[in-house]
Amino acid sequence: MRFTCREFAATALIAPLLAAAPASAENGRYVMEKTAEGYVRMDTATGEMSICTEKSGQIVCKLAADERAAFQDALDRLEERVSRLEEKADRTLAVPSEEEFDEGLDRMEKFFRRFLGIIEEQEKRENGGGMPPDRT
């Protein structure tokens, strides 16, 4: 069977589309429309549009300019967010310096001394202000 150049070109254009069809989760998700320069592909689920041209027998699609700008803005925001989260994680996981560690121990010691003082006062009240009971 012999193909004319036009039939061969049509087959070359359609074959990649047919090969890509199983990759989409839903049948008919993408719609292709012919234009003077090539094709416009629209994702019916998201509304995203791509400009497609034929290069070396394959269809190559690129996001439309406004879609690309929106995509780049979203990507920039996500990269900034990831950077902030990484910085926060680094600060959170950092080992305290020796000064910070000593300060923490001093605060704990102060807390426990106060707590023990409260217990001693309570025991004195319960015993009528005398000596604490023998615990042995």
Side-chain angles (χ1 to χ4, degrees):
M1 176 182 234
R2 299 189 116 206
F3 289 108
T4 65
C5 286
R6 184 172 283 183
E7 290 170 333
F8 181 75
T11 303
L13 290 174
I14 293 172
L17 295 175
L18 293 175
S24 82
E26 304 165 21
N27 248 351
R29 178 174 173 175
Y30 294 97
V31 175
M32 299 280 287
E33 290 292 326
K34 179 91 172 118
T35 66
E37 295 82 29
Y39 294 89
V40 174
R41 180 182 71 176
M42 185 177 85
D43 183 339
T44 58
T46 65
E48 181 180 272
M49 297 185 74
S50 303
I51 307 298
C52 303
T53 56
E54 182 198 352
K55 292 184 181 177
S56 303
Q58 293 185 337
I59 295 180
V60 178
C61 298
K62 296 181 181 177
L63 290 174
D66 56 342
E67 295 285 338
R68 178 69 187 164
F71 174 76
Q72 190 62 46
D73 288 344
L75 184 61
D76 292 342
R77 284 192 310 274
L78 289 172
E79 285 177 348
E80 183 179 327
R81 183 176 178 199
V82 166
S83 294
R84 285 194 316 265
L85 289 171
E86 285 174 341
E87 288 173 14
K88 184 177 180 180
D90 289 345
R91 287 192 309 264
T92 303
L93 298 176
V95 175
S97 68
E98 193 164 331
E99 290 173 356
E100 292 170 325
F101 184 76
D102 287 341
E103 183 181 330
L105 285 178
D106 290 344
R107 288 181 182 200
M108 286 173 49
E109 181 181 13
K110 185 177 180 180
F111 168 79
F112 282 113
R113 288 189 187 276
R114 278 191 184 171
F115 183 71
L116 290 175
I118 293 169
I119 291 174
E120 286 176 5
E121 287 177 19
Q122 182 65 30
E123 286 179 347
K124 284 180 186 178
R125 275 189 238 129
E126 289 176 359
N127 293 327
M131 295 289 293
D134 187 15
R135 301 221 183 244
T136 56

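All values reported here derive from a predicted model rather than from experimental measurement.
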Q.
Does this structure show an ion pair linking Arg125 with Glu121, if we count only N-O contacts that are shorter than 4.0 Å?
A. yes
Q.
Measuring from atom CZ of Arg41 to atom CZ of Arg29, what distance do you get when rounded to the nearest 0.5 angstrom?
A. 9.5 Å
Q. Taking only residues two or more places apart in sequence or in another chain, which ones pass salt bridge (charged side-chain N to carboxylate O under 4.0 Å, His left out) with Glu100?
A. none
Q) At what distance, to the nearest 0.5 angstrom, does CD of Gln72 lie from CZ of Arg77? A) 10.5 Å
Q) Would you say Glu98 has more than 12 foreign heavy atoms packed within less than 6.0 Å of its CD? A) no
Q | Euclidean distance, Arg114 CZ relative to Ile119 CD1, rounded to 0.5 Å | A | 14.5 Å
**Q.** Atom pair CG (Leu116) and CD (Glu123), whose distance is rounded to the nearest 0.5 Å
**A.** 10.0 Å
Q. Between the main-chain N or O of Tyr30 and the side-chain N or O of Thr44, is there a donor-acceptor pair closer than 3.5 Å?
A. no
Q: Begin with the C-alpha distance, continue with both residues' side-chain angles, and end with the deciding distance and a verdict on side chain to side chain contact (heavy atoms under 4.5 Å, CB included) for Lys110 and Asp106.
A: CA-CA 6 Å; Lys110 185 177 180 180; Asp106 290 344; over 6 Å; no
Under 3.5 Å, side-chain donor or acceptor atoms of residues 45-53 against the rest of the protein: list the pairs with distances, not counting sequence neighbours.
unit_1 : atom_1 : unit_2 : atom_2 : d
Thr46  : OG1    : Asp43  : OD2    : 3.3
Thr46  : OG1    : Glu48  : N      : 3.2

Q: Using salt bridge (charged side-chain N to carboxylate O under 4.0 Å, His left out) as the criterion, list what pairs up with Glu80, not counting sequence neighbours.
A: Arg84
Q | Enclosure of Glu99 CD (heavy-atom neighbours >12, cutoff 6.0 Å) | A | no
